[in-house]
S.K.: 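Questions regarding the structure given below will be posed in turn.
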There are 2 protein chains.
Amino acid sequence: MADVAREAGVSPMTVSRAFKSDAYVNDETRKAILLAADRLGYVMDSMASGLSSRKTGFVAATIPSINNANFADTVRGLTEGLQARGLQVLLGYTNYNQEEEERLVRQLLTRRPEAIVVTGGTHSGKCRTMLANAGIPVIETWDLPTEPIDSVVGFSNADASAMIVGHLVATGRTKIAFLGGDASRDTRGFDRRRGFVREMEARGLDATRLIEAGPPPISMREGADALARLMSRWPDTEAVMCVSDLAAFGALTECQRRGFDVPGAIAIAGFGAYEISDICVPPITSIDPHCFQIGLLTARRIIELLSGEAPGQTESRTLLEPILLVRASTS
Amino acid sequence: MADVAREAGVSPMTVSRAFKSDAYVNDETRKAILLAADRLGYVMDSMASGLSSRKTGFVAATIPSINNANFADTVRGLTEGLQARGLQVLLGYTNYNQEEEERLVRQLLTRRPEAIVVTGGTHSGKCRTMLANAGIPVIETWDLPTEPIDSVVGFSNADASAMIVGHLVATGRTKIAFLGGDASRDTRGFDRRRGFVREMEARGLDATRLIEAGPPPISMREGADALARLMSRWPDTEAVMCVSDLAAFGALTECQRRGFDVPGAIAIAGFGAYEISDICVPPITSIDPHCFQIGLLTARRIIELLSGEAPGQTESRTLLEPILLVRASTS
DNA sequence: CCGCCTGTTGTTATCGATATCATTCATCGC
DNA sequence: GCGATGAATGATATCGATAACAACAGGCGG
């Protein structure tokens with residue numbers, strides 16, 4: 001920056017100001033400075049800037065997996081929502097693992113983000129403490145934690161499951177199974193399963209057809225394998241609700257290979273409104289949790305908090321209403 | 001850090017050393033310091049550390065889209081390969097847009113990464129200049145640029161296309177179409193198309209059945225729509241090679257809706273070895289470009305360059321050999 | 001007993017920017 | 001004509017760490 005200042009014949013301070021859009025600088029001076037910077041190929045050092053101004057321009061975000069269209073959409077929403085304010089997303093993934101999350105959060109906090117977004121509302125004790133003591137806005141997403149750390153932008157996974165059950169029952173099915181991952185790791189998946197069991201029991205139906213497809217994330221292949229196990233164990237199953245559209249699609253393909261008619265012999269429902277559930281044959285009934293919106297609303301909330309507006313605890317929960325997409329796989 | 005030093009009764013410098021694993025610090029002193037840090041909930045400031053040591057611990061990476069399993073796999077490989085050296089990936093996506101790439105690269109460079117990874121070998125002039133003058137290792141991936149900026153870890157998209165054409169011809173098809181995106185934006189997609197045309201012509205076949213599915217990325221839906229257009233324009237088409245498995249799957253579903261037998265009436269091939277191509281019915285012939293490996297090898301190369309080993313320009317191209325996965329959709 | 005090495009810790013200057021206060025100069029109203 | 005006002009710029013200290021060098025204690029060989 002000193003070089004640019006010399007080249008433009010001004011002080012470093014003026015160069016610094018020229019690069020911030022709002023500061024007092026003569027238009028011609030600014031133009032001269034930007035030209036000099038261009039000539040020298042100068043690029044600002046955000047790190048130094050952050051150290052000095054105590055604003056790094058980072059918003060940290062953790063997602064369970066980078067290879068997941070749902071979380072990718074949320075990250076897109078977050079990124080786009082923050083772009084206008086010059087905030088950059090610093091991303092990390094946890095592999096659906098709380099210890100990994102703790103390690104990751106610690107690493108991210110060393111970068112002094114101005115806010116941190118985490119997926120889910122269940123964390124290790126140390127992780128919670130770190131988040132709570134970080135002194136920055138913390139937003140938990142994709143979930144409705146009973147004891148939020150700070151702000152929440154999410155929805156009820158359990159209620160969404162109930163919508164599916166309701167729909168399946170309304171179409172005349174009662175022997176309904178749930179196909180999901182191991183209970184322990186993916187808390188959202190677990191909530192969906194919990195919602196399934198609760199709603200089934202509330203309707204006086206048998207809620208014991210639970211097939212575990214392995215540790216999350218459940219791949220299409222695992223969905224297919226799980227369906228095979230399901231049908232050999234409970235051959236009279238009339239419908240299966242899957243923890244995600246990927247598992248659901250895998251299950252659908254297994255039905256096709258085995259010659260089970262969908263939805264005639266068995267109905268299949270998924271979760272997440274992935275593109276595949278909309279285009280496959282037959283298309284799969286799903287739940288749209290508004291992934292992109294989650295990211296966008298999270299961005300809005302962060303900007304609100306950073307602007308010092310409305311830090312009141314009253315509005316700290318932003319609830320989304322997932323939508324049931326009824327398609328041919330359950331018609 | 002000063003607080004921790006006081007708490008532990010040592011100088012800040014000793015605290016700093018205690019946090020670096022290799023430095024000279026008495027074991028007991030270190031233990032005491034780490035304990036004190038824990039008590040105070042202290043987390044290092046990597047930004048300040050980076051400023052001082054001129055090592056930020058960042059490796060910047062740009063990918064066209066965050067919502068793409070192929071690039072996600074590459075990022076996973078990169079992240080895992082760099083983790084051992086304590087390097088953190090700073091990710092950004094370009095939306096398959098060169099202007100966006102330029103903006104993004106500029107933003108990333110302000111973070112003073114120790115190396116930068118870009119997807120593809122075609123960039124705007126300014127972007128090239130910035131990359132070349134950044135003074136850090138630059139790795140271009142997923143491509144074989146004719147004039148690399150620095151290092152390359154990639155493969156020939158054109159040659160991979162040729163493999164598909166060869167396979168389709170070997171199974172007795174000659175009326176073969178290519179289904180891809182607009183030429184201008186996605187250079188890898190364009191290379192695949194170029195490889196298709198070249199190989200078709202080399203075999204004396206008609207290479208004019210080119211269907212444009214719109215600007216990349218091509219969704220499943222766009223693949224389906226494009227197939228519909230293809231079949232109405234050239235109803236006698238015997239095989240279609242798609243720019244990606246997603247487009248290919250979309251095309252497959254369209255065939256199912258229209259009652260075209262795959263592979264009996266028409267064969268379909270994709271690209272990318274996405275999970276879907278392996279599990280759908282029938283499974284789709286594809287090319288596995290070793291996405292994860294690209295990331296891993298890129299990480300290795302970066303570590304090599306940062307260690308000061310072998311900066312020789314001789315070995316700066318790392319070539320991968322994509323694999324043809326023959327499946328039922330072209331049998 | 002001296003000088004030297006090793007292990008350990010402290011001191012000082014510095015990384016590249018910005019916050020804050022100070023300064024300069026032109027303009028304006030009375 | 002003079003103080004007040006405001007736009008534009010500069011000087012200095014500082015953000016939180018580390019590099020580089022200095023310092024000191026203890027052990028060892030000669």
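Residue numbering restarts at 1 for every chain, and letters A, B, ... go by the order of the sequence lines.
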S.K.: By nearest nucleotide on DNA chain C, pick out whichever of A:Val15 and B:Thr29 is the more 5' one.
M.R.: B:Thr29
S.K.: Roughly, in whole Å, what's the span from CZ in B:Arg112 to P in C:dG16?
M.R.: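 Rounding to the nearest Å, CZ of B:Arg112 and P of C:dG16 are 8 Å apart.
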S.K.: Taking any heavy-atom pair under 4.0 Å as a contact, classify A:Tyr42: base, sugar-phosphate, or nothing.
M.R.: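 Sugar-phosphate contact only.
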S.K.: Given C:dT8, is OP1 or OP2 found less than 4.0 Å from the side-chain N or O atoms of B:Tyr24?
M.R.: no
S.K.: So does A:Glu80 pair up with A:Arg76, basic N to acidic O under 4.0 Å?
M.R.: yes
S.K.: Report the distance from atom CD of B:Glu28 to atom C1' of C:dT9, rounded to the nearest whole Å.
M.R.: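 Taking CD of B:Glu28 and C1' of C:dT9, I get 15 Å after rounding.
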S.K.: Does A:Thr14 place a side-chain N or O at less than 4.0 Å from the phosphate oxygens OP1/OP2 of D:dT9?
M.R.: no
S.K.: For the residue pair B:Ser11 and B:Thr14, confirm or rule out a side-chain donor-acceptor distance under 3.5 Å.
M.R.: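 Yes, B:Thr14 and B:Ser11 have a side-chain donor paired with an acceptor closer than 3.5 Å.
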S.K.: Write down the distance between CG (B:Leu109) and P (C:dA17), rounded to a whole number of angstrom.
M.R.: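 Value for this atom pair: 14 Å.
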S.K.: Could you list, one pair per line, each protein nitrogen or oxygen that sits under 3.5 Å from a nitrogen or oxygen of nucleotides 12-15 of chain C, together with the distance?
M.R.:
residue, atom, partner, partner atom, Å
C:dC15, O3', B:Arg54, NH2, 3.1
C:dC15, O2, B:Ser52, N, 3.3

S.K.: Does any donor atom in the side chain of A:Arg188 or A:Thr119 lie under 3.5 Å from an acceptor atom in the other side chain?
M.R.: no
S.K.: How long is the line joining CG of B:Asn26 and C1' of C:dG10, in whole Å?
M.R.: 15 Å
S.K.: Indicate yes or no: does A:Lys31 engage A:Glu28 in a salt bridge with an N to O separation below 4.0 Å.
M.R.: no
S.K.: Whole Å only: how far is the NZ atom of B:Lys55 from the P atom of C:dG16?
M.R.: 15 Å
S.K.: What is the distance, to the nearest angstrom, from the CG atom on A:Asp27 to the P atom on D:dA7?
M.R.: 13 Å
S.K.: Let me know the distance between NZ of A:Lys31 and P of D:dA8, rounded to the nearest Å.
M.R.: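 Distance, rounded to whole Å: 14 Å.
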S.K.: Provide the closest heavy-atom pair for A:Asp73 versus A:Cys291 in the form atom of the first, atom of the second, distance.
M.R.: CB-CB, 3.6 Å
S.K.: Between D:dT9, C:dT9, C:dA17, which one does the side chain of A:Arg17 approach most closely?
M.R.: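 The answer is D:dT9, which lies nearest to the side chain.
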S.K.: Would a distance-only check, ignoring hydrogens and angles, find a side-chain to backbone donor-acceptor pair under 3.5 Å from A:Ser49 to A:Asp45?
M.R.: no
S.K.: Taking the side chain of B:Asp45 as heavy atoms from C-beta outward, which of C:dG7, C:dG10, D:dG16 is closest to it?
M.R.: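 My answer, after comparing the listed nucleotides, is D:dG16.
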S.K.: Using whole Å, report how far CZ of A:Phe19 lies from P of C:dA19.
M.R.: 16 Å
S.K.: To the nearest 0.5 Å, what is the distance between OG1 (A:Thr110) and CE (B:Met47)?
M.R.: 8.5 Å
S.K.: Classify A:Met44 by what it touches in the nucleic acid, base, sugar-phosphate, or nothing, heavy-atom distance under 4.0 Å.
M.R.: sugar-phosphate
S.K.: Taking only the side-chain heavy atoms of A:Ser49 (C-beta and beyond), determine which of C:dA17, D:dA8, D:dA17 contains the nearest atom.
M.R.: C:dA17
